[in-house]
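One is the number of the first residue; the rest follow in order along the sequence. Owing to the predicted nature of the structure, the values given are computational and were not obtained by experimental measurement. Counting starts at 1 for both ligands and their atoms, following the listed order.
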Amino acid sequence: MRDEDLVAVGEFDNEIAAQAAISLLSENNIVAQMDDEGGAFDLGIGELGAIRLIVVRSNLERAKALLADLQVAQAETCPAWTCRCGEEVDEGFFACWSCGDEYEPA
Ligand SMILES: [Zn+2]
């Protein structure tokens, strides 16, 4: 095992959730990418339809911790909401994916 190896760090039900995770990681200087090569990194955790994120092994532990925080934050959550820019934002996202505005309870 080398530090540059790509390893799966988590799975997401949809691309929006995966993108949110990628941007969170990139804010922390971790480059993550979607593994769309189904089966190329078969660690036995893949499921049809899920989007897997991969990072270099040296970032794995930190990325996992960040994603765990993200999931907790989403569990504590907000409902789906409509931003003042008019875009609909999915449940669990506190910032508008379009303009970056923050969720404000109505
Ligand atoms: Zn917005």
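In this structure, the side chain of Trp97 does not engage the main chain of Ala20 through any donor-acceptor pair within 3.5 Å. Side chain of Asn14 to main chain of Ile16: a donor-acceptor pair is present (N/O by atom type, distance under 3.5 Å, no hydrogens or angles). When atom types are taken as modelled, the side chain of Arg84 and the backbone of Asp101 share no donor-acceptor pair closer than 3.5 angstrom.
Among the candidates Val55, Leu60, Ile54, the single residue satisfying the side-chain contact (heavy atoms from CB on, under 4.5 Å) test with Leu6 is Ile54.
For the Zn ion (ligand 1), the neighbouring protein N/O/S atoms at less than 2.8 Å, given as residue and atom, are Cys83 SG, Cys85 SG, Cys96 SG, Cys99 SG.
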I would like to know whether Cys85 and Cys96 meet side chain to side chain contact (heavy atoms under 4.5 Å, CB included); could you show each step before the answer? CA-CA 9 Å; Cys85 77; Cys96 174; 3.8 Å; yes
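In this structure Ser58 satisfies the side-chain contact (heavy atoms from CB on, under 4.5 Å) test together with Asp3, Val56, sequence neighbours excluded.
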